[in-house]
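Below is one structure, written out as structure tokens, with a few remarks after it.
Chain letters run A, B, ... following the sequence lines, proteins first, then strands; residues in each count from 1.
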Amino acid sequence: MLSLLEKLSAEVGKTFSSLGLPAELGSVRASDRPDLCQFQCNGAMAAAKQAKKNPREIAQSVVEALSGNEIFSKIEIAGPGFINLDVTDEFLSAHLAEGISFPQIGNGETVIVDYGGANIAKSMHVGHLRAAVIGEAVKRSLNAAGYKALGDVHMGDWGTHLGMLIADYVRKGEENLVLNTDPDNPDAVASLMEDMAARYPKASAACKEDEALMKEAQETTVKLQNKEAPYYPIWEKIFATSVRGLKKTYADLNVFFEIWKGEACVHDLIAPMVEEMKQKGFTEESDGALIVPLAEDSDKKEMPPLILYKRDGGVMYGTTDLATLVDRMTENKPSKVIYVVDQRQSLHFEQVFRAAYKTGIVPDNVELTHAGFGTMNGTDGKPFKTRAGGVMKLEDLIAMAVDKATQRLIDAHLAEDMNANEKAEVARKVAVAAIKFADLQNARQADYVFDLDRLTSFEGKTGPYLLYQAVRIKSLLRKAKEQGIHVPEESNIIIEDESRELALLLTELPEMFALSIKTYAPHHLCEYVYRLASSFSSFYGNCPILPEKDETLRQSRLALAHMTLAQIEQVLDLLAIDIPDRM
RNA sequence: GCGCCUGUAGCUCAACUGGAUAGAGUAUCUGACUACGGAUCAGAAGGUUGGGGGUUCGAAUCCUCCCAGGCGCGCCA
């Protein structure tokens, strides 16, 4: 099914071809000047540049050839050679009646989206928010586009930080705190998570001050990695418990992973992988470490090698990342792997990708992408810290927003007939929508300022605004049903002056979706769904729906409302934002 | 030192990858008909896109030089 812009581009493209010009130049886009026209084609100017002709002359011949085409109600030339177009209301209406759907870009290929990075035994903080919400949206979008996308949490579960923590338990004789925890008991999980979250920073600080403790932690790490008792059994319990804890926090944000693997589970793949790389001659010894040189003559900048084994025989996270790719290529056979990870890791991923291609771990036709995101800064422009100097826990942030949403429900007398469960659920949905939308609407690559007030704001361009518009349409449709008014799913929508803008906007979904897929940038979806909700709200404000006496018009307006709701629901589902029935 | 990123309205952010008069939200000011939910709607004001030079019909966007900030550069992850 073609989108509206594809249909128009095909039409104008044909005309370009008939004049001996490249059809691609007939590409039509939504107008930048809605006051002048609905759509524009800029190809005449590009054609003029190529052919060294006058752009207005080319535009003139295109316009002449196009005139008489009955889908356009206006065709004119403006400025240096813009071709401005309006479509007829009949054409727009017929197009809407076909239904609007997501373009199918994929063909069932497996794609892995790596967007977790949470560490076990540590509580999640606001720094994990961006990866989680962007990654989930990217994954859901890829699925909607026809790929089989799998989210991988890729936990940090095998490093020195666990050595420090486990050594601390053992030294204090408190390992039973861990060993006696039942991972199936949520209270026990919460209590151990809390203990570890408090214990780790102290243990880590102690190691930094005391060399003997650090040495002990490093030895513990080695013993752990050799799966020795009691270290490994303690680790297993920490792992099982942490997974429950992390799943809960991620679930609070509507984030779900298909693959719950970490660094530990590829540990056994490392030795054979390195052995093979050695035999194929990809490795070198350097200062006692085993490395893969990655520099190439064409490099403009310095490209450090990837270290497989450190001088002391330990592995680095580059090694683990390569082993993870080995695992993925054998287990999942993806056609793409997308890493939604902090932009600061870009050099690291460049190294890993080079090493993976060079050594043949990943064949050239598999695409490896680092979809990096910007750093989260405080309002002072520096990397975000709370007043206490630490980083705010994700759970605390959510709790604050939920409190505020609950208060709002009470203040506005909206919750009076809700039971406690419903009230809590609505408040949670509002809070999560606020946090996620505030984060997601920022361009992926740019740094952004962590502003608590903005993340928990419910008015203006926010998640709750979108929920509100959706809820209001739901309420409208409920009322219609109560009054015995039939709501047609796909009826003829009559284009009116008050609804034309909304109708045109509804046709843009495929392009906005494709753009957000192509660039792994969900903020385009945010922008679109906000414009849509806002346009509906404006329509709703100056055009009565249920009170309308003319039945045909009422049906048409209801159908438009229904279609708008459907799109808001679809897009918010991609962004993993839930809509309540009431709020 | 080398490399990457950022600089847009008081504040927080967009701008469909080179298009026309750079758009939103917020804060400020003004207004909204007992019509369907005021977490709303309509309007006003707010800009030399950090600065200079260049490329061209056309630049926030591309090139170049400055200025300011952030980040990364072999044994942490």
Side-chain angles (χ1 to χ4, degrees), chain A residues 29-33 35-36 40 42 45-46 48-49 54-56 78-82 84 117 119 156 158-161 263 286-291 300-307 309-312 314-318 320-321 342-348 350-351 372 374-375 377 379 381-383 405 408-409 412 414 430 434 438 441-443 445-449 451 453-454 457-462 464-465 467-469 471-472 475-476 479-480 483 508 511-512 514-516 518-519 523-524 526-528 530-531 534 537-538 540-548 557 561 582-583:
Chain A
R29 49 188 285 173
S31 165
D32 276 335
R33 290 288 302 273
D35 53 321
L36 299 180
Q40 63 185 34
N42 304 337
M45 291 176 292
K49 193 172 254 179
N54 182 340
R56 282 193 70 103
F82 295 104
N84 287 353
N119 292 312
W158 207 230
T160 318
H161 80 278
E263 299 175 320
S286 171
D287 290 337
L290 187 69
I291 63 164
K300 296 229 161 170
K301 62 179 175 187
E302 209 180 319
M303 178 56 67
L306 187 137
I307 297 178
Y309 283 123
K310 299 185 286 184
R311 246 193 311 267
D312 69 3
V315 297
M316 304 263 295
Y317 76 139
T320 325
D321 280 355
D342 193 321
Q343 193 71 56
R344 287 176 290 188
Q345 304 283 337
S346 60
L347 180 59
H348 165 72
E350 215 179 326
Q351 291 178 279
T375 321
N377 292 328
T379 35
K382 294 183 188 147
R408 182 58 179 266
L409 280 173
L414 287 165
V430 169
Q441 67 175 298
N442 297 297
Q445 310 84 311
D447 288 358
Y448 94 136
V449 174
D451 181 350
D453 290 337
R454 182 167 174 239
S457 166
F458 302 155
E459 273 145 41
K461 191 174 184 177
T462 64
Y465 173 89
L467 300 189
Y468 176 76
Q469 301 302 345
V471 162
R472 206 160 58 165
S475 161
L476 183 72
K479 283 219 167 74
Q483 294 174 22
E508 286 187 34
E511 273 74 27
M512 291 299 120
L515 180 65
S516 91
K518 191 174 136 200
T519 53
H523 80 279
H524 289 114
C526 294
E527 193 66 29
Y528 174 72
Y530 175 75
R531 278 201 294 146
S534 171
S537 193
S538 180
Y540 179 91
N542 53 37
C543 205
I545 298 174
L546 290 181
E548 174 58 45
R557 291 174 190 169
R582 304 188 295 164
M583 64 186 274

Phosphate-side-chain proximity, A:Tyr317 and B:G74, N/O vs OP1/OP2 below 4.0 Å:
no
Closest of B:G18, B:A20, B:G37 to the A:Leu36 side chain is B:A20
Would you please determine if the base of B:G37 is stacked by A:Tyr468, with stacking meaning a centroid separation under 5.5 angstrom and planes under 30 degrees?
no
Is A:Lys518 salt-bridged to A:Glu511, cutoff N-O under 4.0 Å?
no
For atom C1', what is the distance between B:A15 and B:A20, given to the nearest Å?
14 Å
Distance, C1' atom - from B:A60 to B:G51, rounded to whole angstrom
14 Å
Which listed nucleotide (B:A77, B:U17, B:C41) is nearest to the side chain of A:Tyr465?
B:C41
Determine the contact category for A:Ala78: base if any of its heavy atoms lies under 4.0 Å from a base atom, sugar-phosphate if only primed atoms, P, OP1 or OP2 are that close, otherwise nothing.
base
In terms of side-chain heavy atoms of A:Lys479, which of B:A39, B:C36, B:G19 is nearest?
B:C36
Heavy atoms from C-beta onward define the side chain here; which of B:C75, B:G37, B:U40 lies closest to that of A:Gln469?
B:U40
Would A:Tyr448 count as stacking on B:U12 if stacking means ring centres less than 5.5 angstrom apart and planes tilted under 30 degrees?
no
Using OP1 and OP2 only, check whether a side-chain N or O of A:Ser537 sits under 4.0 Å from B:U40.
no
Please work out whether the ring planes of A:Tyr317 and A:His348 are parallel, tilted or perpendicular, with thresholds of 30° and 60°.
parallel
Examine B:G19: is either OP1 or OP2 under 4.0 Å from a nitrogen or oxygen in the side chain of A:Arg33? Give yes or no.
no
Looking only at side-chain N and O atoms, does A:His524 come under 4.0 Å of OP1 or OP2 in B:U17?
no
When every non-hydrogen atom of A:Glu508 is compared with those of A:Arg531, the smallest separation belongs to OE1-NH2, 3.2 Å
Out of B:A20, B:C76, B:G25, which nucleotide sits closest to the side chain of A:Asn84?
B:A20
Heavy atoms only, 4.0 Å cut-off, all strands: where does A:Leu290 land among base, sugar-phosphate and nothing?
nothing
